[in-house]
Amino acid sequence: MADETLQIYPPPAATQLPSSTPELTDSPPPQEPGSVSAPPLASLALDLQKQSLSPAHSETPLSVEEKLKEAVTVIEKDTPLEPPPPEPPLAEEHLTVAATATEKDSVATPVSQPLAAALAVPQESESPKTQSKQVIEPEKEKPIEKKKAPESFASFKEESNKVSDLSHLELKALEEFKHLVQEALSKGLFSGASPSEGANLPEEVSIWGVPLLKDDRSDVILLKFLRARDFKVKDSFAMLKSTIKWRRDFNVDELLKEDLGDDLEKVVFMHGQDKEGHPVCYNVYGEFQNKELYAKTFGDEEKRMKFLRWRIQFLERSIRKLDFSPGGINTIFQVSDLKNSPGPGKRELRIATKQALQILQDNYPEFVAKQVFINVPWWYLAFYTMISPFLTQRTKSKFVFAGPPRTAETLFKYISPEQVPTQYGGLSVDFCECNPEFTVDDPATEITIKPATKQTVEIIVNELCENEKCTLVWELRVVGWEVSYSAEYVPNAERGYTVIIQKTRKMLPTDEPVVSSSFNVTELGKILLTIDNPSAKKKKLLYRFKVLPYKD
């Protein structure tokens, strides 16, 4: 979906931290005979690596690229800061994890991997009464109530669209539905002609680019209507017939070709995919705080209709990129950002909401994989409480709510950090040359930094880089920052000099979201990335790195 993706909030370029020429300091003096220079796990990793690369264990010499991939070992450890916080006292903890670069997907928590109404709460029509729990995350934890995050965020699980996975009753309903559709196509009933006029006019009808009854993709389409009507065949057929008529009257196929401008590209946009491969659609309601944009979009009936046509056009283009084959991804992951969202008192907004909601629930069944509301204000939860009794259990099971402090944490449960835009706590930056070495395909590692704790990530360069030399490139961020960050290179040589890559710097929430840097390695040693978290709140650290050929 990248070729036609609409983006918003162009994030600031993640620039390399300003620093003067790297400073040299004496490395720590040699340790006593009884001490060790690296944690036992790191030493073990290096020993195993050497053994695996020795002639006895390897018949084929490694290429330069393979050597570079195996050129480092990663160690992560956290230690309490001194002095410890007065409350609550933290027990001393020490955690060490080691792995080679080719194995870093197993280190810590490696991370690599729409349909809501425009300005409305999405809801489907009648649906199976699935017994699943609604997921709501509180905006702020209240010590008195001691609310906890839900035990499971997988409250709704998509059903399979493979015929072999359907139950006997579902398969029977699908066959009956297909028989009614075939009969309607043969008589030309979908065209709106009378039975006598269309008796000899068999027609071909396509919906979302899929011709009905031509291949197994049609089964996926028909199953959406069946599930929206609880597998009641006659009701499902009536819904399909009504949808085809609406698409003809609304002239959807021609709408796709219209140029409706790009004024709203910051309001709704596609960006990345979730951990299950669903494309992610972001709806940013706060953009309508712009009075000029609000008036231009909702000022009168003509403007509201143009907005509705734009929203349907955007949705249709997004849907046509889905895979409707059985087993394919044919739903969209919705994220609705309610930060600075206009309240329910806006009359024009209520009118547009009602119009959009009616169209979406009647003509776009089962296109939401999950609906996550972020930066949720108190009034929205109150509003949701009022409308909740009118929503089906199936619809509510797809909802997740998160207040501002929980936004990034909630998104990361479903979307990998490298796929999440920087404005929502992730590492994904579009149209930016700030660090072209990384893309959404490069997995990031996610670490929780405990309160009053120092987290150190050691990237240890081994012998494989000695002759080839290499360049280490990395980027990291702490969601919300309010921590101190430093980076240095410590050589293995006893009389070597420690290179200060970045002096200890207090990072504020207003600083650049992502820090990027690199270092040319000319001798064995390790890079230390250190985060000091003096606050009483846990922090989320995201980082990733690459080993590249040496750059002069």
Any sub-3.5 Å donor-acceptor pair from K398's side-chain atoms to V368's backbone N or O?
yes

Is Q455 reaching over with its side chain to a backbone N or O of I449, donor-acceptor style, under 3.5 angstrom?
no

Side-chain donor/acceptor of T410 to backbone N/O of A402, under 3.5 Å
no

For the residue pair F288 and Y294, what are the closest heavy atoms and their distance?
O-CB, 3.7 Å

Any donor-acceptor N or O pair under 3.5 Å, side chains T331, E158:
yes

Residues which pass side chain to side chain contact (heavy atoms under 4.5 Å, CB included) with V210, listed by chain and number, not counting sequence neighbours:
R217, I221, F324

The ring-ring contact (aromatic ring centres under 6.0 Å, His included) partners of W481 (sequence neighbours excluded) come to none

Would you call K546 and D442 a salt bridge, using N to O less than 4.0 angstrom?
yes

Backbone N/O of G328 and side chain of N330: donor-acceptor pair under 3.5 Å
yes

Looking at K296 and E287, does any basic side-chain N land under 4.0 Å from a carboxylate oxygen?
no

So, K537 and E409, do they make that salt bridge, N to O below 4.0 Å?
no

Parallel, tilted or perpendicular: which one describes the rings of H271 and F269, with boundaries at 30° and 60°?
perpendicular

Residue pair Y364 / E316, side-chain donor-acceptor N/O under 3.5 Å
yes

Assess, by modelled atom type and distance only, whether the side chains of T453 and N533 contain a donor and an acceptor separated by less than 3.5 Å.
no

Check the surroundings of atom NZ in K454: do more than 12 heavy atoms from other residues, nucleotides or ligands lie under 6.0 Å from it?
no

Using the side-chain hydrogen bond (donor to acceptor under 3.5 Å, both in side chains) criterion, which residues pair with N492? Sequence neighbours excluded.
none

E418 side-chain N/O to A444 backbone N/O, donor-acceptor pair under 3.5 Å:
yes

K540 and T448 side chains, donor-acceptor separation under 3.5 Å
yes

Which word best sums up how the rings of F399 and F373 line up, parallel for under 30°, tilted for 30 to 60°, or perpendicular for over 60°?
perpendicular

Using modelled atom types only, decide if a donor and an acceptor are shared between the side chain of Y543 and the backbone of W474 within a distance under 3.5 Å.
no

Test F333 against every option in H278, Q273, K275 by the side chain to side chain contact (heavy atoms under 4.5 Å, CB included) rule and name the one that passes.
H278

